[in-house]
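A quick write-up on the structure given underneath.
Sequential numbering from 1 along the given sequence is applied to the chain's residues.
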Amino acid sequence: MEQRTLIAIGAVTIVALLAVGFIVARSEDSVERAEECLVDLDEDDGKPGEEAEADGDEDGEDDDDDDEEEKAAETSKPAGTGDLAPEATAAPEAATAQAWAAQASAPAAAAFDSAAEGGTVDPGGDLDPEARKTELSKGFEAASRLGAKLSKAQKFDRAAKEFDKCIAIAEELGLPTRSFETLHGNRSACREKAGDMDGALEDCSIVLSMRPGNTKVRKRRMRIYEASGRHQDALVEVCALLVADTVEMRRRMEPLAGHPQAQAAAQQAWAQEKGQDHMETQNKLAELMALCGKAKSEALLEARKSRPMPPLEEVTSESSVFQLLLSYTEYLDQEDAFKAANLEALSTRVAEANSAEGTFEKLGALKARAFKYMTMREYKKAGADLMAAYFLFSASFGSPTEEAASLDWAPTKALAGEEALECAALLRFVALFHHVRYDLEAALAIYRAAAALCKSSPKDLSLVEVMRSGVLVDKGDVEGAAKSMEAAALLAPDSVDVLMHRSQISLLPPTPDFEKSEADIRACLAKKPDHVVALLRSAMMFISQAQQLAMDAAELAEGNQNQLAEAEAKARAEARLAEAEDFVNKAKAIRPDMSEVYQVVASIAEVKGDVEAAIAAHDKAMGLDPKNPTPYMNKGSLLSQIMQPSNNEEMLMQITAVLEMYRQALKVDPHCSQAQKHWAETKMKVATTFEETEGIIAGLDEAVENCRDPQELVELCTLRCIAAAQLEGAKDLGMTSFADING
């Protein structure tokens, strides 16, 4: 009896286990069946508006077939599911897969159970859970296939609704995360093409929360952001794509460390694999960088119209002031005399004039000592004397910079003849010192007053217009600067100052005229052969032309296009470089101790490929004028170009040397935007932590706030945008540092 009982119990147990196994198998079959029928639309994803063929229906006019299939899908759905309300399938943008599952499953189940309880379903609503899963699987398959077909037929809105159903049913079936990634990816594709950009972005965010490296969805989000004018957000997506590519490539290289040939082969294979896609991403990066930098700089400039930047407490770099003074004949013609003048005697003259009654004697004494300080490059003291003279002038004849002063300023007391011209000369240099402190509005007002005092002298009035044009350039008003220069040329067409400065304005965008610029600079030197600034600028112009001609010759040689044209380009490049050397040698003979001369010597050596001579010239320039930021910056750029590290340790040492040059440039001139830009670009190459990158961005923010040159502002803003986008993109990928890129 006991034996029969045990046998019976055993048989029941076996049957129960078989039943459980059958149920589990049925459940797994339902899930597998649902997964198998799932089609990833991104496998054949075109951009919005691209034509797609429906199955066997080239014109896409298959409404009747689709309607029938939709009805079939309705009848194949499990009883009571109905069309779920949008809120049943909407997910918050930042939701993770788990959070989305928790939020979406409850409404789906509620909709199913509510309909069943209300008696609105057929008897299928009483199916056991496994039968219900089977029916759900059938409904999922029907909706998925119909959604794919509707998408092919470009009926994207209806297709998106089918994927709404799929997502709800998938929750009931408990499909794995990869299925939801595909479903939300499909729905995002349909929503984008249907014009529902917010919905598409929502789905993109859900997919990327599940798998941040989903390239196709990230590209879609980039596309949507760009179309919506959200260029910085689009730039983040491009950076994320490129960062992910870089990380993947480095991971492929790691096992091949110490095998350069194998690494080269792997890199080539990588390039072939990525090919056109990588190139398109790089092109998009450049495009978005330009848009973001331009937009940010324009916004800043617009804000500054209502909230102008305060002037600098002191002049900009002494080197810049020195070069500006050397560009004007009014300074050059008096330089030697004031170099020879005795400072003590000039100070005595100032003291005596202050105790006397005559205004003009005081103005003349202060102006004379200011000139002496200029020749000594004591610009702070020179500026103090000029401002003292200006306050005295304003007290006697009215202030040109007072708010009440009109554009047609006139002295409150009569001024004429030589006295008026002397005061005009004083005001020109007062305005120049306002200019180098970036007090541009005050500079323009004072130049207007100077013009009012020298209307009787075309030469003096022309010089005012020339100097005024420089202020307008720094304001970003290139058109206004050109008009001012035209007025100067009409007054004194053969003026050295007109020819010298017009040659520079001719090179400014948006329509640089190199031929006109060269003609003017040559005419300037014909009239004043010892004009050092003109000699140096001519040399730099010819160096630039030589570089371009050399590049043209290299391209012709590479393509074996035209040997005669190649030879001509090489010959012209050599001729230009020889002329540049001739000009710089003349400048060296005139001013052998001028730092800027050796900057150009270094540039010529670099073009020739003589690195040792270039470095020596940069060092000579630094030694002659330790306060000139340009040679530090130029040497840093050269060191960056010649880096050939054999390992990471050498690379770090070489980059440290480059960074030190830029740091020295910034120490000399904290407002040197180019040094800040180069420093940030270099630092970004070796930054391994997010904190370092945040520090770079903070430095760029400060540089942007202090930058006053419109073109340099665009460059800084562009770099700031890319640095921020790279950081955000890396974080969005789930990275915690840049060690996988720069480590």
Side-chain angles (χ1 to χ4, degrees), residues 23-43 55 65-91 97 100-116 121-122 124-153 155-191 203 206-207 210:
I23 291 170
V24 170
R26 284 178 59 195
S27 176
E28 290 176 350
D29 285 346
S30 297
V31 173
E32 289 176 4
R33 179 180 174 185
E35 284 194 89
E36 287 172 0
C37 75
L38 190 55
V39 177
D40 186 352
L41 298 184
D42 275 333
E43 293 300 324
D55 297 336
D65 290 345
D66 293 339
D67 290 342
E68 290 300 319
E69 196 157 345
E70 284 189 86
K71 291 176 183 177
E74 289 292 332
T75 58
S76 66
K77 285 189 302 183
T81 53
D83 284 333
L84 299 181
E87 57 268 21
T89 56
W100 161 239
Q103 293 180 41
S105 59
F112 186 99
D113 295 339
S114 174
V121 298
D122 58 36
D126 296 328
L127 293 174
D128 64 75
E130 297 312 318
R132 180 181 177 185
K133 281 193 174 183
T134 300
E135 292 302 311
L136 282 167
S137 178
K138 292 178 181 178
F140 182 91
E141 181 178 357
S144 177
R145 293 190 188 282
L146 179 57
K149 183 176 182 181
L150 288 167
S151 177
K152 273 195 167 185
K155 298 169 184 176
F156 302 116
D157 188 57
R158 290 165 62 186
K161 291 178 181 177
E162 292 304 314
F163 289 116
D164 289 346
K165 300 170 188 175
C166 288
I167 291 169
I169 297 172
E171 293 299 334
E172 290 289 317
L173 289 173
L175 296 187
T177 299
R178 63 178 178 270
S179 298
F180 287 98
E181 182 184 339
T182 301
L183 287 168
H184 284 286
N186 287 352
R187 190 169 68 176
S188 73
C190 293
R191 283 176 163 178
D203 277 323
I206 293 171
V207 172
M210 298 176 189

ask   = So, E172 and K133, do they make that salt bridge, N to O below 4.0 Å?
value = no
ask   = If you measure from NZ on K165 to NZ on K161, what distance do you get to the nearest 0.5 Å?
value = 9.0 Å
inquiry  = Working to the nearest 0.5 angstrom, can you tell me the gap between I169 CD1 and S137 OG?
reply    = 9.0 Å
Side chain to side chain contact (heavy atoms under 4.5 Å, CB included) involving A170 - partner list, sequence neighbours excluded = F140, L175, F180, L183
ask   = Do T134 and K138 touch side chain to side chain, with heavy atoms closer than 4.5 Å?
value = yes
message = Can you tell me how far apart CD1 (I167) and CD (E162) are? Round to the nearest 0.5 Å.
response = 12.0 Å
task = Supply the atom-to-atom distance H184 NE2 to C166 SG, rounded to the nearest 0.5 angstrom.
result = 11.0 Å
From SG (C190) to CG (D203), nearest 0.5 Å = 9.5 Å
note = Interatomic distance, CD@E141 vs CG@L146, rounded to 0.5 Å, equals 12.0 Å
message = Can you give me the closest heavy-atom contact between A159 and G147, atom names plus distance?
response = CB-O, 3.4 Å
Test log, rule side chain to side chain contact (heavy atoms under 4.5 Å, CB included), inputs R132 and L136 = CA-CA 6 Å; R132 180 181 177 185; L136 282 167; 4.3 Å; yes
request  = Please report the C-alpha distance between R178 and M210 in whole Å, then the side-chain angles of each, then the deciding distance to 0.1 Å, and finally whether the side chain to side chain contact (heavy atoms under 4.5 Å, CB included) criterion is met.
outcome  = CA-CA 8 Å; R178 63 178 178 270; M210 298 176 189; over 6 Å; no
Shortest non-hydrogen contact between D164 and R187, atoms and distance = OD1-NH1, 2.7 Å
